[in-house]
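Notes for the one structure printed next.
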Amino acid sequence: MLSTDRSYGLQIANDIRPEGYLLRFNSLLFEILFQLYHNFSIKIFQADLTHKAKDLNRLNLVLDYTNQNYNRPISIDEISQIAYLDSGYFCRFFKKHMGLTFLEYLNEVRLSHIYQDLISTQDTLQHILERHGFTNYKLFRRVFLEHFQATPSQIRKHLHNRVGKVTSSTHRAADTPF
């Protein structure tokens, strides 16, 4: 009995719909789709994705080459050939994608290796600089100071003091009975 009431109610709803209601419904549906498409869609073009992948591949070539050869002079002409770009365009390309110039990046790579050697070896600073491709001591000192807010000798001294404190506290702990 309930199903008959429902079907009767649907019949009444169908009877009171004006002619062309399906056309009106479809037009409203298409209007909603149109608004969604124009106001909330994000356009992704295959060519743009291909271009980004190409840029990423170029950047990876440059970064890999730099990490393998950081300890020797790398000119802009040399690195731009690795990326298959004109040297002027390469500088803009690298800055756009990395947020710093190629020479700034190269110095960052060198600084990280120098810092590691500075804290893990007793080699002279001159020897460490030569090993990692820094030939201009004034430039190195300025860049190092800007980056670490300390000189290399201050870093070593601070590290030596910390290690000395750890060593002396270890010896004191060994002398005290449990």
Side-chain angles (χ1 to χ4, degrees), residues 39-178:
N39 295 319
F40 300 102
S41 66
I42 298 173
K43 294 174 176 63
I44 299 176
F45 298 108
Q46 186 60 34
D48 191 39
L49 292 176
T50 305
H51 186 68
K52 287 183 190 257
K54 190 175 180 180
D55 287 348
L56 185 60
N57 287 337
R58 277 193 173 136
L59 203 53
N60 282 333
L61 285 171
V62 168
L63 298 179
D64 289 343
Y65 185 84
T66 303
N67 287 326
Q68 292 170 5
N69 297 285
Y70 74 91
N71 57 347
R72 63 173 191 74
I74 302 174
S75 70
I76 296 296
D77 287 334
E78 178 184 353
I79 199 67
S80 63
Q81 287 176 1
I82 298 299
Y84 305 104
L85 295 171
D86 176 65
S87 59
Y89 181 72
F90 170 78
C91 292
R92 290 188 304 276
F93 168 83
F94 194 88
K95 175 87 174 193
K96 175 184 173 186
H97 289 86
M98 293 295 292
L100 67 165
T101 67
F102 175 72
L103 293 177
E104 290 170 336
Y105 174 76
L106 179 59
N107 285 338
E108 290 284 327
V109 170
R110 288 175 175 162
L111 278 178
S112 67
H113 288 279
I114 289 169
Y115 184 84
Q116 190 60 41
D117 278 1
L118 197 60
I119 64 172
S120 63
T121 70
Q122 290 302 315
D123 295 346
T124 65
L125 183 58
Q126 185 63 35
H127 185 71
I128 293 171
L129 292 178
E130 288 172 3
R131 183 180 322 141
H132 296 296
F134 248 112
T135 55
N136 184 337
Y137 180 75
K138 286 177 93 173
L139 173 65
F140 162 75
R141 186 170 167 85
R142 183 179 55 82
V143 171
F144 192 91
L145 193 58
E146 285 173 7
H147 195 270
F148 296 106
Q149 287 78 43
T151 64
S153 58
Q154 289 171 333
I155 297 283
R156 272 198 169 155
K157 186 177 180 180
H158 177 71
L159 180 67
H160 180 70
N161 289 341
R162 284 183 53 204
V163 170
K165 286 179 184 176
V166 170
T167 305
S168 64
S169 65
T170 306
H171 289 304
R172 274 187 265 132
D175 293 339
T176 57
F178 290 103

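Here, residue 1 is the first one in the sequence, and each next residue gets the next number.
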What distance separates Phe134 CZ from Leu106 CG, expressed to the nearest 0.5 Å? 7.5 Å

Compare all side-chain heavy atoms of Glu78 with those of Tyr65 and state whether any distance is below 4.5 angstrom. yes

Drop me the distance from Arg110's CZ to Leu129's CG, to the nearest 0.5 angstrom. 10.5 Å

Is any side-chain heavy atom of Val62 less than 4.5 Å from a side-chain heavy atom of Tyr105? no

Taking every heavy atom of Tyr84 against every heavy atom of Leu61, the minimum-distance pair comes out as CE1-CD1, 4.2 Å

Closest heavy-atom pair, Phe144 versus Pro152, reported as atoms and distance to 0.1 Å, is CE2-N, 3.5 Å

Looking only at heavy atoms, what is the nearest atom pair of Thr66 and Ile74, with distance? CA-CD1, 4.2 Å

What is the distance from atom CZ of Phe90 to atom CD of Gln81, rounded to the nearest 0.5 Å? 11.5 Å

Looking only at non-hydrogen atoms, find the nearest pair between Leu159 and Ile119 and report the distance. CD2-O, 3.2 Å

Under a 4.5 Å cut-off applied to non-hydrogen side-chain atoms, are Phe140 and Asn107 in contact? no

Reported NZ-to-CD distance for the pair Lys157 and Gln154, which is rounded to 0.5 angstrom: 8.5 Å

Pairing residues for His147 by the ring pair (Phe, Tyr, Trp, His ring centres under 6.0 Å) criterion, not counting sequence neighbours: none

On a heavy-atom basis, which atom in Arg156 and which in Asp123 lie closest, and how many Å separate them? NH2-O, 2.7 Å

Indicate the ring-plane relationship of Tyr115 and Phe148, choosing parallel, tilted or perpendicular according to the 30° and 60° boundaries. parallel

Kindly assign one of parallel, tilted or perpendicular to the pair Phe94 and Phe102, based on the angle between their ring planes and the thresholds 30° and 60°. perpendicular

Nearest-0.5 Å distance that lies between atom NE2 in His158 and atom OG1 in Thr151: 12.5 Å

Please tell me if the side chains of Lys138 and Arg142 come closer than 4.5 Å, counting only heavy atoms from C-beta onward. no

Check: Arg92 and Tyr89 side chains under 4.5 Å, non-hydrogen atoms: yes

Listed by chain and number, what are the side chain to side chain donor-acceptor pair (under 3.5 Å) partners of Asn136, not counting sequence neighbours? none

Please check: side-chain N/O of Arg131 versus main-chain N/O of Asn71, any donor-acceptor pairing under 3.5 Å? no

I'd like to check Leu100 versus Glu108 (side-chain heavy atoms, cut-off strictly below 4.5 Å). Are they in contact? yes

For Asn67, check side chain to side chain donor-acceptor pair (under 3.5 Å) against everything at least two apart and list the hits. none

Rounded to the nearest 0.5 Å, how far does CZ of Arg58 lie from CD1 of Ile82? 12.5 Å

Heavy atoms only: give me the nearest His132-Asp117 pair and the separation to one decimal. NE2-OD2, 2.5 Å

